[in-house]
Amino acid sequence: MRTSKQTQQKLPVMQRESQEFGQVLSSMCTEPHPRAAEAAQQFLSSNPGDPTTYPAVAELETEVIATLGELTGLDSPEGYVASGGTEANLQAVRAARNLAESDTPNVVAPESVHFSFQKAADVLDVELRVFEVGDDRRADPADALRLADEDTALVVGVAGTTEYGRVDPIPKLADVAREVDSLLHVDAAWGGFVLPFTDWEWNFDHAAIDTMAIDPHKMGQAPVPAGGFLARDEAILDALAVDTPYLESTKQATLTGTRSGAGVAGAHAALEAQWPEGYRENYERGQANADWLADELVSQGYDVVDPVLPLVAADIPHETVEALQDQGWRVSPTGSGELRVVCMPHVTREMLEQFVADVDDL
Ligand code: 0PR
């Protein structure tokens, strides 16, 4: 691992500069809502992994899951606050594997899935079958069906892809899952806090979805770590549970043991402050910014992938991206090399105006 200059100087932590967001354009993290930061502070030493000892934070977690259920069209949601989208996706694969009858279960997913599925497949010893996406960068259910068979334990759809913000045809993928008798998981880790304000069909109410990832620590403005794992049925959590003989609660379905009370409390406060109107405003502002940025870059002659959600990918040459990075812009490319700007709540029009001017100068 590289050591930064700051580490080499060994400044005491309180004298180090914390991350500024003024030039952060490609991250899916954002500044936490002020009330969420405060709530996190208050629960720093509580462990939601031990609800008997820490009932206050456990109650907050139940309420977070209830609100996430409301956001995703699920009346009596099961689930928990995970460490992030990686854990939620891994747990979805794990539940499907544990419930599958096959000894050689596989997972069918579009190539646009987050790389956390590769980790899940590796850790859980499950075959990951990936199919290409079409020109629209979305999963084609016919391709999913071609790859699926009687050993398929899980079909995955993404509601807001990491690189282009695309939403897969979730109801049709649910039909595929039903046809091969598998579960359906939707990864809305990033998209889940913007999609409620769009016409996309993506949630539990729109299709026979079994599990979902939806991360408060991305668009939800909660402090890190706060991911969300949701399930329609208790049987899914049961499939993940192990006995916990020396705790008063007798089983645990989470992947990690000790968990972040700060994450849970922060997510709770963020949801309380922002759902639904604050998130709606974030979405509308983010989408307007994305549309504006896309137009500006097109008028500078770049190819831009139409932002269907608040995420812009533009074909900007590698040297220009490097020059922008030298100017302090925190930007990173997609796998195919496009520059990617995620219009998170901290990304303002003023930032983008400066960014566009810098791109123009180069
Ligand atoms: N699912 C989707 C659709 C994601 O975009 C991501 C992360 C995950 C799952 C995994 O979530 P966790 O990272 O919470 O486990 N997408 C971002 C990415 O890989 C994560 C990220 C966030 C990257 C902030 C950089 C950054 O500064 O690009």
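Basis for what follows: all heavy atoms, side chains included, without hydrogens, waters or symmetry-related copies. Each ligand, and each atom within it, is numbered from 1 in the order the structure gives.
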_Using side chain to side chain donor-acceptor pair (under 3.5 Å), reason through N106 and D151 one step at a time and then give a plain yes or no._
CA-CA 6 Å; N106 66 66; D151 291 325; 5.1 Å; no
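Between Y279 and F193, the ring planes are perpendicular. Angles over 60° get that label, and only those under 30° would be called parallel.
Put simply, atom 23 (C) of ligand 1 has no protein non-hydrogen atoms near it, under 4.0 Å away.
Among all protein heavy atoms, the one lying closest to atom 15 (O) of ligand 1 is T86 OG1, 2.6 Å. In terms of protein heavy-atom proximity, atom 1 (N) of ligand 1 is nearest to D187 OD2, 2.6 Å. Of the protein's heavy atoms, M28 SD, 3.7 Å lies nearest to atom 17 (C) of ligand 1. Atom 19 (O) of ligand 1 has its closest protein heavy atom at H114 NE2, 2.9 Å.
Taking only nitrogen or oxygen atoms, main chain and side chain alike, S27 reaches within less than 3.5 Å of ligand 1.
In the candidate list M344, K218, R330, K218 is nearest to atom 13 (O) of ligand 1, counting heavy atoms. Ranked by closest heavy atom to atom 18 (C) of ligand 1, the top entry among N89, V158, T162, T30 is T162.
Shown here for T30 and H346, the closest heavy-atom pair between the two residues is OG1-ND1, 2.7 Å. Residue P110 comes nearest to V130 through the heavy atom pair C-CG1, 3.9 Å, listed as atom of the first residue, atom of the second, then distance.
Legend: salt bridge (charged side-chain N to carboxylate O under 4.0 Å, His left out) pairs involving residues 258-287, not counting sequence neighbours, sorted by first then second residue: E61-R259, E277-R280.
Close contacts of ligand 1 with A189, meaning ligand atoms under 4.0 Å from a residue heavy atom, involve 1 (N), 2 (C), 9 (C). With ligand atoms numbered from 1 in the order given, ligand 1 contributes 11 (O), 14 (O) to contacts under 4.0 Å with heavy atoms of D215. Set against the non-hydrogen atoms of C29, the atoms of ligand 1 under 4.0 Å away are 24 (C). Atoms of ligand 1 lying under 4.0 Å from at least one heavy atom of F115, given by number and element, are 19 (O). Taking every heavy atom of H217 and a limit of under 4.0 angstrom, the matching atoms of ligand 1 come to 14 (O).
When hydrophobic clusters are built by joining Ile, Leu, Val, Met, Phe, Trp and Tyr residues whose side-chain heavy atoms come closer than 4.5 Å, directly or via intermediates, I209 is not grouped with F229.
Between R178 and D175 there is no salt bridge, since no side-chain N of the basic residue sits under 4.0 Å from a carboxylate O of the acidic one. Between E127 and R129 a salt bridge is recorded (basic side-chain N to carboxylate O distance below 4.0 Å).
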Return a table of donor-acceptor pairs under 3.5 angstrom between the side chains of residues 353-362 and protein atoms on other chains or two or more places apart.
unit_1 : atom_1 : unit_2 : atom_2 : d
Q354   : NE2    : D358   : OD1    : 3.1
D358   : OD2    : W329   : NE1    : 2.9

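Counting heavy atoms closer than 4.0 Å to ligand 1, residue V24 contributes nothing at all.
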